[in-house]
Amino acid sequence: MPSPSDRIKEIVPSKSLEIALKVLKLREEGHDVIGLHVGEADFDTPSTIIKSTQKALSENKTKYDLVQGNLELRQSIAQRFNYLNQGSITPQNIILGNGSKHILYNIFQSLLNPGDEVIIPRPYWVTFPESVKLAGGVPRFVAPSKGFQLDLDGIREAVGPKTKALVINSPNNPSGVIYPPHILSQLLTLAKEHDFMIISDEAYEGFIYDGERPFSLYSLDKKALNNTITVQSFSKTFSMTGFRIGYAIASNSWVTHLKNLGGHQVGNICTFAQYGALEALSLSEGEMRPYVHELQERRDLAFNLFSSLFDCYKPQGGFCLFPNISKYIEEGRFTSSQSMALEILEKAHVAVLPGEAFGLPEHLRLSFTPSKDDIKNAFQKIKDFL
Ligand SMILES: Cc1ncc(COP(=O)(O)O)c(C=O)c1O
């Protein structure tokens with residue numbers, strides 16, 4: 001058999017998928033496993049979204065579509081985005097992809113030459129480094145400052161002649177931190193000075209707690225489109241993970257690069273799923289608020305419980321707690337967060353993810369998206385185990 005490419009050999013398999021397989025095996029063996037490793041809420045997709053998708057299917061909206069995505073849907077995305085960010089983007093600034101994961105992959109493919117560097121602040125979403133490497137790029141990791149915030153000095157030091165981009169993710173997976181506007185503005189200045197691209201992954205913009213409003217990096221400098229690409233998604237905001245619809249907001253010329261790539265890659269994204277997304281955008285903020293409210297309650301519950309076991313930061317958004325577990329490692333109870341996560345899964349039957357996967361090995365990632373009962377039971381099981 002021929003050997004796979006060096007690119008493929010270098011991919012670090014997704015830790016969450018690895019744990020998910022172990023969970024499946026334990027469940028097949030009859031164990032009751034609680035999954036705090038998942039990256040999606042247990043909410044059903046709103047029924048009107050399902051109905052509109054079904055209607056599109058019954059009307060035979062099943063053919064090829066535009067590479068850039070359905071125009072009406074892009075108009076609607078532009079309208080929502082401009083409303084939330086007092087912006088003036090047009091449908092020409094938007095390109096759709098099969099989830100934001102796909103969009104990010106294409107952005108790196110369109111941006112990087114072999115050896116180009118991409119700055120990735122820790123903690124980061126697992127896919128960023130792998131996606132950069134698949135495009136021939138080199139990730140340059142930067143440690144966080146206190147409370148998982150961006151360390152501007154560290155980022156400045158990491159900028160060099162090969163720097164092509166910086167990826168940020170706010171609200172952050174795994175930490176739940178939101179980066180404040182004054183720090184982001186300084187990053188924008190740096191990006192313009194050194195002419196690199198800031199890729200702003202805003203997949204969790206729909207889940208921001210304590211009454212705070214979502215804001216995009218774009219809103220801080222609407223003229224910075226030459227140095228920013230914003231990535232958002234329907235997955236989390238509208239409980240549509242399986243629809244696979246994400247999008248990039250970029251300059252017209254960058255959308256053209258992405259369109260040229262997409263034209264030879266997937267063509268368009270699923271035609272009828274886009275009608276579900278169009279329906280999602282007709283839901284009012286009030287209709288989506290109960291989902292955010294429920295997750296905020298789950299965050300509070302998880303934070304209050306797990307703070308008695310670990311040193312926890314209270315997430316401002318997103319789906320996860322990212323507690324520090326170094327005291328358990330210093331006490332010699334576990335050798336790493338990897339071994340701790342494995343033991344918690346095998347002995348307490350609760351699935352959590354090791355911080356190694358997110359670039360901070362002294363942490364665990366616990367998702368608070370399962371039901372409140374599951375969160376309480378998971379806490380009890382982990383407490384008993386520890
Ligand atoms: C930070 C971040 N970005 C992007 C994604 C991908 O979302 P999707 O491809 O479903 O849009 C995820 C999913 O977990 C994520 O956590």
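Residue numbers count from 1 along this sequence. We count ligands from 1, going down the list as the structure has it; atoms in each ligand are counted the same way.
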_Whichever hydrophobic residues join F272 through chains of side-chain contacts under 4.5 Å_ =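 L57, which link up through side-chain heavy atoms under 4.5 Å apart, make up the rest of the cluster.
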Show me the donor-acceptor pairs within less than 3.5 Å that the side chains of residues 111-126 make with the rest of the protein, sequence neighbours left out.
residue, atom, partner, partner atom, Å
D116, OD2, N113, N, 2.7
R122, NH1, G359, O, 3.0

Taking distance alone, no hydrogens or angles, what donor-acceptor pairs closer than 3.5 Å link side-chain atoms of residues 238-245 to residues at least two apart or in another chain?
residue, atom, partner, partner atom, Å
T241, OG1, E40, OE1, 2.5
R244, NH1, T241, O, 3.0

At less than 3.5 Å, what protein N or O atoms come close to the N or O atoms of ligand 1? Include the distances to 0.1 Å.
residue, atom, partner, partner atom, Å
ligand 1, 3 (N), D201, OD1, 3.4
ligand 1, 3 (N), D201, OD2, 2.6
ligand 1, 7 (O), S100, OG, 3.2
ligand 1, 9 (O), S100, N, 3.1
ligand 1, 9 (O), K101, N, 3.0
ligand 1, 9 (O), R244, NH2, 2.8
ligand 1, 10 (O), S235, OG, 2.6
ligand 1, 10 (O), R244, NH1, 2.7
ligand 1, 11 (O), S100, N, 2.7
ligand 1, 11 (O), S100, OG, 2.7
ligand 1, 11 (O), S233, OG, 2.6
ligand 1, 11 (O), S235, OG, 3.3
ligand 1, 14 (O), K236, NZ, 2.8
ligand 1, 16 (O), W125, NE1, 3.4
ligand 1, 16 (O), N173, ND2, 2.7
ligand 1, 16 (O), Y204, OH, 2.8

*Taking atom types as modelled, find out whether Y105 and Q109 have a side-chain donor-acceptor pair closer than 3.5 angstrom.*
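Distance-only check passes for Y105 and Q109.
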*Is any side-chain N of the basic residue among E294 and R299 closer than 4.0 Å to the acidic one's carboxylate O?*
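Salt bridge: no.
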*Please confirm whether F207 and Y291 have ring centers closer than 6.0 angstrom.*
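No, ring centres 6.0 Å or more apart.
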